[in-house]
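Structure first, then comments.
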Amino acid sequence: MIPWCAAAALGLIGVGLYIGFFVAPTDFQQGDAYRIIFVHVPAAWLSMFLYVIMAAWAGLGLGCKRAPRS
């Protein structure tokens, strides 16, 4: 099932990038430079979310650590 999901993810990423760069309307003042927010904002959210996930797993690892046996 992983290859099917990977193929679907790559296809949807391609469609999203196409829409973000070529279909989305331009801004009145910024022109085409405005379109970068359609890529930058989701990437920033994902990177911050990954830091939260890593902190949660680190906390879980510290909380569930066993005491050494003698």
Side-chain angles (χ1 to χ4, degrees):
M1 202 164 160
I2 290 176
W4 289 97
C5 291
L10 287 175
L12 290 173
I13 287 170
V15 169
L17 286 174
Y18 175 77
I19 291 173
F21 283 135
F22 299 111
V23 178
T26 59
D27 187 54
F28 172 70
Q29 292 179 339
Q30 296 178 358
D32 285 330
Y34 174 75
R35 293 180 179 177
I36 193 66
I37 69 164
F38 295 115
V39 175
H40 174 74
V41 173
W45 274 83
L46 181 63
S47 65
M48 294 303 293
F49 179 68
L50 290 176
Y51 278 115
V52 170
I53 295 298
M54 288 190 312
W57 279 108
L60 184 68
L62 287 173
C64 294
K65 195 170 191 176
R66 288 187 184 181
R69 295 183 183 182
S70 321

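It should be emphasised that the depicted structure is a prediction, and the values quoted were computed from it without experimental measurement. Any value given below was found using the heavy atoms of this structure, including those in side chains, with hydrogens, waters and symmetry copies removed.
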Original post:
If Ile, Leu, Val, Met, Phe, Trp and Tyr residues are connected whenever their side-chain heavy atoms lie under 4.5 Å apart, and connections chain through other members, are Leu10 and Val15 in the same group?
Top reply: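 Different hydrophobic clusters.
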Original post:
Are Met48 and Ile53 co-members of a hydrophobic cluster defined by side-chain heavy atoms under 4.5 Å apart?
Top reply: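 Ile53 does not cluster with Met48.
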**OP:** Hey, could you give me the CG/CG distance between Leu50 and Leu46, rounded to the nearest 0.5 Å?
**Re:** 4.5 Å
Original post:
Got Phe21 and Val39 here, is their nearest side-chain heavy-atom distance under 4.5 Å?
Top reply: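 Yes, at least one pair of side-chain atoms sits under 4.5 Å.
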Original post:
Using 30° and 60° as the class limits, which term best fits the ring planes of Tyr18 and Phe22: parallel, tilted or perpendicular?
Top reply: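 Rings of Tyr18 and Phe22: tilted, as their planes differ by 30° to 60°.
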Original post:
How about Met54: does its CE atom have over 12 heavy atoms from other parts shown lying under 6.0 Å from it?
Top reply: yes
Subject >> Heavy-atom closest pair, residues Pro42 and Ile37 >> reply: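 Shortest heavy-atom separation between Pro42 and Ile37 comes out as CD-O, 3.7 Å.
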Subject >> For Gly20 against Phe38, the heavy-atom pair lying closest together >> reply: O-CD1, 3.8 Å
